[in-house]
Amino acid sequence: MRPFARCLLALTLAACSTTPTPAPPPEPIVGLPCDGCEYVFVGLPDELGSSERIAPVEEPGEPLRILGTVRTPQGQPAPGIIVYGYHTDASGLYPPDTPPPGRAAVRHGRLRGWARTDAEGRYQFDTIRPGAYPEGGNPQHVHLHVLEPGRCTYYIDDLVFDDDPLLTDEVRSTTNRGGPGIATPTRDAAGTWIAHRDITLGAAIPGYPGR
């Protein structure tokens, strides 16, 4: 689902109509249209590690770990890149955050987080496996954005799961924004789902600097 459609759905499900427009982002948004890309900056922590959480430990649902490496267009590891992710809860809804109102978390839901790649370009999110939208038709997915500090920001194709029966041929044939987004999840000894989502900076992103 393209960003404008999925964000409209998020607005409906999470009653987001009162969310104010945030201040202009410090990095330009490319890969337009991108409704909601500006919310990547709202609530962005000053300090980030390469391993962060999206869902708190106590969040109901099947635990999921997202692992990935961010690389330059030339295939080199890209340190210091911020990866932003958000997704539904186990019931398929974007759960609204607690007060104060008007935060971006109300629009994207409270299950959102950031990680900054390490010296080897690696990042990790610990969270839960998201639920599909209650009305059906869309597979389970994690929305992902890339923030290249001092350069630009853009959305990439969602992380989706190869074992999801709702994953259609149409979704499988995406434009590979940021590289392929389809993961084959496995379970570790503790029962946590493991999914890999590597990212190539600027891949299939219209207006990416230097193109």
Task: Single hit among Tyr84, Tyr94, Tyr155 for side chain to side chain donor-acceptor pair (under 3.5 Å) with His143 - done: Tyr94
TODO: Taking Thr200 for its side chain and Ala203 for its backbone only, find out whether a donor-acceptor pair lies under 3.5 Å.
DONE: no
- [ ] Determine the sole option in Leu64, Leu167, Leu166 for which the side-chain contact (heavy atoms from CB on, under 4.5 Å) test with Phe161 is passed.
- [x] Leu64
TODO: First locate atom OH of Tyr123, then atom OG of Ser51, and finally report the distance between them rounded to the nearest 0.5 Å.
DONE: 12.0 Å
TODO: Could you check if a side-chain atom of Ser50 sits within less than 4.5 angstrom of a side-chain atom of Arg116, using non-hydrogen atoms only?
DONE: no
Open item on the list: I'd like to check Asp164 versus His141 (side-chain heavy atoms, cut-off strictly below 4.5 Å). Are they in contact?
Closed with: no
Open item on the list: Within the structure provided, determine whether Asp126 and Ile54 are in side-chain contact (heavy-atom separation under 4.5 Å).
Closed with: no
TODO: Supply the atom-to-atom distance Arg187 CZ to Thr192 OG1, rounded to the nearest 0.5 angstrom.
DONE: 8.5 Å
- [ ] Show your working on side chain to side chain contact (heavy atoms under 4.5 Å, CB included) between Gln76 and Arg71 and close with a plain yes or no.
- [x] CA-CA 5 Å; Gln76 300 301 313; Arg71 294 183 174 88; over 6 Å; no
- [ ] Might you work through the side chain to side chain contact (heavy atoms under 4.5 Å, CB included) test for Ile194 and Leu67, ending with a clear yes or no?
- [x] CA-CA 7 Å; Ile194 307 295; Leu67 301 170; 3.9 Å; yes
- [ ] Would you please say whether a donor-acceptor pair under 3.5 Å links the side chains of Arg129 and Gln140?
- [x] yes
TODO: Determine, for Glu59 against Arg53, whether the closest basic-nitrogen to carboxylate-oxygen distance falls under 4.0 angstrom.
DONE: no
- [ ] Enter the distance from Ile199:CD1 to Thr69:OG1 here, rounded to the nearest 0.5 Å.
- [x] 9.5 Å
- [ ] Decide yes or no for Leu147 and Trp114: does some side-chain heavy atom of the first lie under 4.5 Å from some side-chain heavy atom of the second?
- [x] no
Open item on the list: When you measure from the side chain of Asp158 to the backbone of Val160, do you find a donor-acceptor pair of N or O atoms at a distance under 3.5 Å?
Closed with: no
Task: Beyond-backbone contact of Pro130 with Val142, side-chain heavy atoms, under 4.5 angstrom - done: yes
Open item on the list: With a 4.5 Å cut-off on side-chain heavy atoms, are Leu159 and Leu144 touching?
Closed with: yes
Open item on the list: Tell me if a side-chain donor or acceptor on Thr153 pairs with a main-chain N or O of Ile29 at a distance below 3.5 Å.
Closed with: no
- [ ] Compute both the distance and the angle, then confirm whether Arg110 meets the cation-pi test with Tyr86: under 6.0 Å from the six-membered ring centre, within 45 degrees of the axis.
- [x] no
Task: Within-4.5 Å side-chain heavy-atom neighbours: Ile128 and Glu62 - done: no
Open item on the list: Please identify which of these residues, Arg177, Glu27, Glu148, meets the side chain to side chain donor-acceptor pair (under 3.5 Å) condition with Tyr154.
Closed with: Glu148
Task: Nearest-0.5 Å distance that lies between atom OG1 in Thr186 and atom CG in Asp162 - done: 12.0 Å
TODO: Heavy atoms only: give me the nearest Ala132-Asn138 pair and the separation to one decimal.
DONE: CB-O, 3.4 Å
Task: ring pair (Phe, Tyr, Trp, His ring centres under 6.0 Å) between Phe41 and His145, worked out - done: CA-CA 11 Å; Phe41 299 93; His145 295 244; 9.8 Å; no
TODO: Rounded to the nearest 0.5 Å, what's the gap from CG on Leu48 to CD1 on Ile82? Could you check?
DONE: 5.5 Å
Task: Side chain to side chain, Asp157 and Arg197, heavy atoms closer than 4.5 Å - done: yes
Open item on the list: Given 3.5 Å as the limit, does a donor-acceptor pair link the side chain of Thr117 with the main chain of Arg122, or not?
Closed with: no
Task: side chain to side chain contact (heavy atoms under 4.5 Å, CB included) evaluation trace for Asp163 with Thr184 - done: CA-CA 7 Å; Asp163 62 352; Thr184 300; over 6 Å; no
